[in-house]
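Here is the structure we will look at, set down as structure tokens.
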There are 2 protein chains.
Amino acid sequence: MGRVTADTTTAGERILAGLDLWAEWATATQRAIVGAALESFAERGFHGTSLKHIAQGSGLSTAALYVHFASKEELLFALSRRGHAIALDLVRAAAADPDPATAVRVLVYAFTRWHAEQRTTARVVQYEQGALTAAHAEVIAGLRRDTERVVRGLLTRGAEDGAFTVPDVRGASAAVLSLGIDVARWFVPGGPWTPDALGLLYAELAGRMLGMPA
Amino acid sequence: MGRVTADTTTAGERILAGLDLWAEWATATQRAIVGAALESFAERGFHGTSLKHIAQGSGLSTAALYVHFASKEELLFALSRRGHAIALDLVRAAAADPDPATAVRVLVYAFTRWHAEQRTTARVVQYEQGALTAAHAEVIAGLRRDTERVVRGLLTRGAEDGAFTVPDVRGASAAVLSLGIDVARWFVPGGPWTPDALGLLYAELAGRMLGMPA
DNA sequence: GTCTATAAATTGATAGAC
DNA sequence: GTCTATCAATTTATAGAC
């Protein structure tokens with residue numbers, strides 16, 4: 001493993017270790033509900049999930065769920081908001097590196113690895129926005145805009161100081177994020193890559209895309 | 001516009017023009033149903049779509065739908081199968097070019113542009129597989145494996161004859177497909193790119209990823 | 001082939017006892 | 001805070017008239 005690779009892994013792991021999806025839910029019951037909802041939303045989608053699924057997955061009756069959440073949609077919203085906040089934290093932490101080339105490598109590594117390791121959460125985050133109420137969707141859209149802005153800012157910085165050669169910063173940002181996001185759709189544990197290996201590979205491919213010297 | 005760019009556009013447009021999603025549905029009624037189902041499945045997902053949505057979208061009663069399709073799931077299956085067949089045709093046509101570098105550029109251009117232009121169809125194709133019965137899902141999985149095999153074959157060919165420098169053919173194939181597929185998730189007409197411009201940009205970015213000389 | 005009417009099951013959510 | 005029981009609405013699908 002080369003120096004750049006080792007550094008990317010180390011920095012990326014530090015960022016990933018700092019993320020805690022569960023911070024918002026304190027009790028065991030809350031966590032059981034949120035965990036069951038995550039599993040079912042990821043597997044069947046929001047509309048394909050009934051309260052019965054969530055109740056059985058968490059060992060409660062459907063009526064008991066309403067003590068903890070006002071509605072099925074509120075449960076999705078809480079989950080989606082927390083997941084988006086985590087993703088934003090991840091991207092911000094990576095982009096904070098003063099060297100744009102390092103920042104991009106670490107960002108793509110950690111973002112990709114997160115989408116592979118936290119595939120369940122990531123699927124809900126990336127693919128269930130359409131089920132939110134208009135008001136809730138607007139909150140989530142704001143978090144997504146923030147994330148995209150951080151990536152565009154990083155690519156702009158790298159392009160200006162000559163670290164990258166990018167024909168279209170906005171388009172390259174979309175491409176970089178797409179690589180990681182789409183992992184949540186197709187990745188299955190036990191396949192040809194570990195999340196770590198896939199993150200490193202995609203970090204290299206993204207570096208090439210941006211015209212970074214190997 | 002450079003020569004390579006112009007050639008990519010021309011070849012890609014020829015491929016796209018040869019695709020006909022509707023060939024399978026002959027009558028105006030069938031097309032109205034399929035069109036309404038596509039719209040609603042893409043917007044709300046399969047489970048978020050009721051027969052009432054499809055009936056109203058096609059100007060029929062829910063009962064009349066059953067004259068043309070055995071069930072809601074059979075309708076999704078027919079749609080998904082046709083869309084996957086189209087995507088496979090597209091990829092095969094592009095990969096047939098004897099020059100691997102040209103083939104990759106044309107493939108990414110056409111695949112990306114299709115996901116932008118046919119965003120409605122592409123969303124159903126890429127994101128509604130989970131709603132299929134096990135037997136139907138297996139048919140679709142076969143078409144997806146074929147598509148991936150074509151791309152991996154092309155990248156292997158290009159790597160062997162020196163057109164590309166790819167560290168991991170399988171991983172690079174996944175990345176190339178992800179770029180196009182994820183377009184169906186985020187692309188909205190009227191944004192910063194036309195489907196044509198996005199296809200050209202992504203063809204260039206994919207070329208860089210594969211170590212192709214500009 | 002299309003309609004109205006309706007069946008049979010499931011859904012999200014609430015009432016009230018403990 | 002959890003349960004059983006239940007409501008009101010909606011869902012997929014069918015029956016039968018035209």
Side-chain angles (χ1 to χ4, degrees), chain A residues 22 24-81 124 128-137, chain B residues 22 24-81 124 128-137:
Chain A
W22 301 95
E24 188 164 312
W25 300 289
T27 71
T29 306
Q30 282 176 328
R31 293 185 181 204
I33 295 171
V34 168
L38 264 179
E39 286 293 333
S40 190
F41 290 164
E43 189 187 324
R44 290 177 271 254
F46 176 80
H47 291 296
T49 296
S50 78
L51 292 180
K52 205 173 170 185
H53 291 128
I54 301 172
Q56 287 178 339
S58 57
L60 293 167
S61 66
T62 58
L65 299 175
Y66 285 87
V67 174
H68 304 276
F69 292 94
S71 72
K72 186 181 147 190
E73 193 273 345
E74 285 280 358
L75 178 49
L76 171 66
F77 176 53
L79 235 110
S80 183
R81 191 181 41 189
V124 177
E128 299 301 322
Q129 289 177 73
L132 295 167
T133 64
H136 288 164
Chain B
W22 301 95
E24 189 164 314
W25 301 289
T27 70
T29 306
Q30 282 176 327
R31 293 185 180 203
I33 294 171
V34 168
L38 265 177
E39 285 293 332
S40 190
F41 289 164
E43 190 187 324
R44 289 177 270 255
F46 176 80
H47 290 297
T49 295
S50 77
L51 292 179
K52 204 172 169 185
H53 291 128
I54 301 173
Q56 287 179 338
S58 57
L60 293 167
S61 67
T62 57
L65 300 176
Y66 285 87
V67 173
H68 303 277
F69 292 94
S71 73
K72 186 180 145 188
E73 193 272 346
E74 285 280 357
L75 178 49
L76 171 65
F77 176 53
L79 233 108
S80 184
R81 192 180 40 189
V124 178
E128 300 301 322
Q129 288 178 72
L132 295 168
T133 63
H136 288 165

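Since we're looking at a predicted model, the values are computed, not measured.
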Exercise. Nearest 0.5 Å, what's the NZ-NE2 distance between B:Lys72 and B:His47?
Worked result: 7.0 Å

For this session: Give the minimum heavy-atom separation between A:Gly45 and A:Thr49, together with the two atoms involved.
Result: O-OG1, 2.8 Å

For this session: Quickly work out the A:Gln56 CD to D:dT2 C1' distance and round it to whole Å.
Result: 16 Å

Problem set entry | Rounded distance in Å - CD (B:Glu74) to P (D:dT12) | 15 Å

Seminar exercise, completed: So CD1 of A:Ile33 and CG of A:Leu79: to nearest 0.5 Å the spacing works out to 11.5 Å

Problem set entry | Partner set under side chain to side chain contact (heavy atoms under 4.5 Å, CB included) for B:Glu128, not counting sequence neighbours | B:Phe46, B:Leu76, B:Val124

Exercise. Is the distance from OP1 or OP2 of C:dT2 to the nearest side-chain N or O of B:Thr29 less than 4.0 Å?
Worked result: yes

Problem set entry | Any donor-acceptor N/O pair, A:Gln30 side chain to A:Ala26 backbone, under 3.5 Å | yes

Exercise. Separation of B:Ile54 atom CD1 from D:dT11 atom P, in whole Å?
Worked result: 11 Å

Exercise. OP1 or OP2 of C:dC3 sitting under 4.0 Å from any side-chain N/O of B:Ser61?
Worked result: yes

For this session: Could you tell me whether A:Leu65 contacts a base, only the sugar-phosphate backbone, or nothing, with contacts defined as non-hydrogen atoms closer than 4.0 Å?
Result: nothing

With a 3.5 Å cut-off and sequence neighbours excluded, list the donor-acceptor pairs that the side chains of residues 60-71 of chain A form with protein atoms.
| residue | atom | partner | partner atom | Å |
| --- | --- | --- | --- | --- |
| A:Ser61 | OG | A:Ala64 | N | 3.2 |
| A:Ser71 | OG | A:Glu73 | N | 3.4 |
| A:Ser71 | OG | A:Glu74 | N | 3.1 |

For this session: Summarise how protein sits on nucleotides 8-18 of chain C as a single string, 5' to 3': B when a protein heavy atom is under 4.0 Å from the base, S for sugar-phosphate-only contact, - for no contact.
Result: ---SSBBB---

